[in-house]
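Residue numbers start from 1 in every chain, and the chains themselves are labelled A, B, ... in the order their sequence lines are given, proteins ahead of strands. Side chains included, hydrogens not; waters and symmetry mates left out as well; all remaining heavy atoms used.
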Amino acid sequence: MTLLAFALLLLAAVIGYLVNWRAARAIREGGQRLHSLMGFHGLFSLLMILVPVLTVLLLWLGFEGPVINRMILASLPAGELEGLGSGAIQLISAEIRSIAGGRIFGTPEDWKLDAADRLIALRTWSDILLVVVVVILSLGILLFSRSRVTADFRARQASESIVKGLMIACSVVAIFTTVGIIFALVFEAYRFFQIVPFTEFLFGTNWEPQIPIREDQIAAEGAFGWLPVIIGTLVISFVAMFIATPVGLLSAIYLNEFAPKTVRAVVKPVLEILSGVPTVVYGFFAILVVAPALRGTGADLGIDISSNTALAAGGVMGIMLIPFISSFADDALSAVPRSLRDGSLALGATRGETMRKVLFPAAIPGIVGGVLLAVSRAIGETMIVVMAAGLMARMTINPLDSVTTVTVQIVTLLIGDTAFDNPKTLAAFALGLMLFVITLGINVLALRIVRKYREIYD
Amino acid sequence: MADITDRVDPPRKTSLTQSSAAVARRKRADLILQGFGLGAILVAFTVLFILIASLVTTGFSAFVQTHVTLDVYVDPDEISEEQLPRGGFQDVLTDAMLANLPNADPEDDVRAVRAILSNGAQFALRDMVADDPSLIGQTVTMTVPASDPFDQLNKGNVDRATPEGQRRVNDREIEWFDTLDEAGMITTPLNFGLITNADSRFPELAGLRGALVGSFYALLTCFLIAFPVGIGAAIYLEEFAPKNRVSDFIEVNINNLAAVPSVVFGLLALAVFLNWFGLPRSAPFVGGLTLALMTMPTIIIATRAALKAVPPSIREAALGVGASKQQVVFGHVLPLAMPGILTGTIIGLAQALGETAPLLLIGMNAFITSAPSSPFEPATALPTQIYIWADSPERGFVSRTSAAILVLLGFLVTMNAIAIYLRNKFERQW
Amino acid sequence: MYDMKVTEQHVDDLQIKMKAREVDVFYGDTHAIQKVDVDILDKTVTAFIGPSGCGKSTFLRCLNRMNDTIDVARVAGDITLDGEDIYDKRVDPVQLRAKVGMVFQKPNPFPKSIYENVAYGPKIHGLARNKAELDEIVETSLRRAALWDEAKDRLDQPGTGLSGGQQQRLCIARAVATNPEVLLMDEPCSALDPIATAQVEELIDELRTRFSVVIVTHSMQQAARVSQKTAFFHLGELVEYDDTSKIFTNPDDPRTESYITGRIG
């Protein structure tokens, strides 16, 4: 039925185009001079139909599920939902949906079967209603558009303003994404902070999100102090930057100043390959090669290295960041005007001296911006740490130990059951909010530095 | 201009070719810096080499699969047409195996002998019989996958010198396997199952079909949304937007969005798409939606760069003959910028193809044994499949993971190669 | 300073500082300079004039091997400094450039303090044994560049904060600080206003007492004002090279005359 609605809409749009085009042609053949080309009259009708009806259609599909769900829950016999948490209510509506889909497990109560029947009926009605609405709207707009076709009608301006409106809507999607992120994180984190006080989260040194799900379950009381988690994140990020910064900067310096053209032509693509490798691959590399190698070396030296040591995750993350820093530094160095380089060389400086004393210092702001962006990436990087870092939160800054990170906790808390009334799930959003705030702060700072730097030499 | 102090310049009549200690020291410092730079690049190269080498050496063996070729007597006592689902396919296969292993005990060793074949063998036989019921009572020759331990044994991943207790196959099992091998029943053909099978708990049966289809649907959704919206936004911002605080804000916003950690997009998708809008869990459509939001900034930035690269003279020429601004942009500027836009889009899609974290949060790491038939059915994607397999304890999954990574990298290299080709082919100097 | 006064000077008694013979320069496939012979005299200002794109800057950059920094550039022929071939394999361009300094068309102070800009050359060449000596070199150089009075109170401020004319004088001070024997100037006044130009021209005349100065200029008036010898380049060829007074009053080649009188250019 949904497909039918889309097909009808498309058909109406095409018909609208043809109707207006022919009407315009008729006017022209009648000897009058049109203000706009015939094609624009057609386009006007097409856009007038397509844009609003498609919006209605998509909104309908988006809200159909939640609205029907509400209606079903509201129609349940009084008392059935009394005293149940939102997780249990979600379970019931999921069960009703699966019964409606023909998958019946066990013997559900009669009121659930009734609800499933009502669900099927509502869905059918919704589908029929959708098609009717689409047809009526399309026809109405089609007739309206047709009525606008006159010799003087500025069809080009009219359709151009619709197109412009569409483009503005596209630009606003980016803002909506940001707003959506902030709203989702703040909303769920707010619910979390109603259960766990903000100060306890911010200053607590104990992170044990394994809370009992049922009253009688024997488990540790959950603890939600994020300090060990963020410290673990910082330890791994530090290890990563410790490797990526020198290697990335030195390779950029070599590529920018010393490398013969042929070397540059080979090295640049290889670095690009390195930066195009998905992080899940780096994660597997960490557990397959790096962690066992580190453990082996540690055993040879008599040092006990944990199997998911921060060194393995951080080291591999550092490798991932090398091309990022290198290409950023290379760009920053290239942005230094050639005249400065010439000036230094003309004074009898060697290439190395020119690099160390003139080019590099001049490029520092751009390089710092790049390094900051790399730090933000390290903090937000997920797959490498999910696969290679630990799960237990420890208050330690020893990189040989196993530590956990903010992103690891977010993923482990949300894989599996995701009932939205449980502090365990909500804690992930609180961590997500902190992650977003931290990385956003670093990014804004870094982008501002880089922008300022570009302005100097532009 | 009169106050030039007369400092007596020290006479410096040195020859150009005569090298001083100071100059030598400065040159050494230069060489050291160069050496460090070269060393840094070597580090990057070495790591890349180790990465590829380790993936190839572990993943290579998953591209072939050990098979056992058997003559199976489809015993009418065990299998009947009416009761096909309850047929004793397992027993029939075991009997066929025992027939070839004279030194195995038909009573005590049944379990062990049965374990040589993959668990999928019985279903393969069942499907054959279901297709052609006349096979009942006849002897059919069929080639079925061997189970993981014997696959590893055949590929040399089991060291026969290690003590029996530390091996996954004991001495008798090795003896049986060698007997079969000598009888010419063991073959190691190309493993098409890696591409054509969906996921399975048994490494020898597990394949990437579900993940490939899931990734395809997700990328398709991502492209269909991110490409038009991204281009629309970029055209507006670059060509039409007034330069004011609003468009400045949008621009800053897009740049920041490009740097938001991917896991945060996963949280957004979980809270908004799954929880508020009630979209289905694990569906490639939702994954594609999420990836579209992440890819959009990349496409917008690439499109704007491509539009910027079209010289103003083209716009002025078209405007000069009376075209409207939109006619100029859609008729002249956009087509000229298209190669650059496509390059940026392909690179963005390649990133989206490798993206894992947001897909984990919307449940695309589920264990699903069939390929999805629409973007709304539960599925995995290539990177999440890699994550699932990397997490599985069976030895066979290690090589499968590497093989899956090689497949993923193959796609990425192809996409990037297309992007580079486009860039080089259509790159023009204005 | 603004009339067409031609500086009279007897140059016969001065020794030859640099000598170029049969110099060719190629940029990739382009033959930028063809068979140029020039003698640069000591303690003299030599001007290279000619229409834009005639190769005068390219030739200037050969004199301290700045063309080495351009990948596609190739130089053939002999150029000597005090009788030594500067393109000899054993010659280190670094040492050559310490003796043959250069000032560029656009002022290019380093993004460092005024003091550090001037001290840069002496520091890398180890010309000063201690801070006091370095201070002295900086002061002398700034005085020679006629910038001392304006800059002495703001030595620690960035050189990029100066005005255009001051920046160019800072670059001259920076070049002078390494105590070169020859100073090459590539259109040093083209980015400056008339007052700053006058200051720099006055400065060039002062510098002549210590160094040999080679200046590329597109302004004939400037060449006439500051130089004693003038070389006229056209389409990559050296058309005529003689005393400035001769070039501007009685040139041998009709092309030179056309250029001087403004018929080509």
When you look at A:Asp330 and A:Lys268, which way does the salt bridge (charged side-chain N to carboxylate O under 4.0 Å, His left out) test go after all the steps? CA-CA 10 Å; A:Asp330 193 15; A:Lys268 273 265 175 193; 2.8 Å; yes
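- Contacts of C:Lys112 with chain A are made by side-chain atoms alone, with heavy-atom separations under 4.5 Å and no backbone atom involved.
- Across all non-hydrogen atoms, the minimal contact from A:Thr439 to A:Gly380 is CG2-N, 4.5 Å.
- Under the 30°/60° scheme for interplanar angles, the aromatic rings of C:His31 and C:Phe26 are found to lie parallel.
- Residues A:Thr405 and A:Thr407 bring a donor and an acceptor atom of their side chains to less than 3.5 Å of each other.
- Only the backbone of C:Pro109 comes within contact range of chain A, with heavy atoms under 4.5 Å apart.
- Each of C:Asp92, C:Val94, C:Asp68 has some count of heavy-atom pairs under 4.5 Å with chain A, and the biggest count is that of C:Val94.
- Contact of C:Val103 with chain A is not made at all, since no heavy-atom distance falls under 4.5 Å.
- Using a 4.5 Å cut-off between heavy atoms, C:Phe110 contacts chain A through both its backbone and its side chain.
- Between the side chains of C:Asn67 and C:Thr58, no donor-acceptor pair of N or O atoms lies under 3.5 Å.
- Proximity to chain A (any heavy atom under 4.5 Å) is shown, for C:Arg174, by both the backbone and the side chain.
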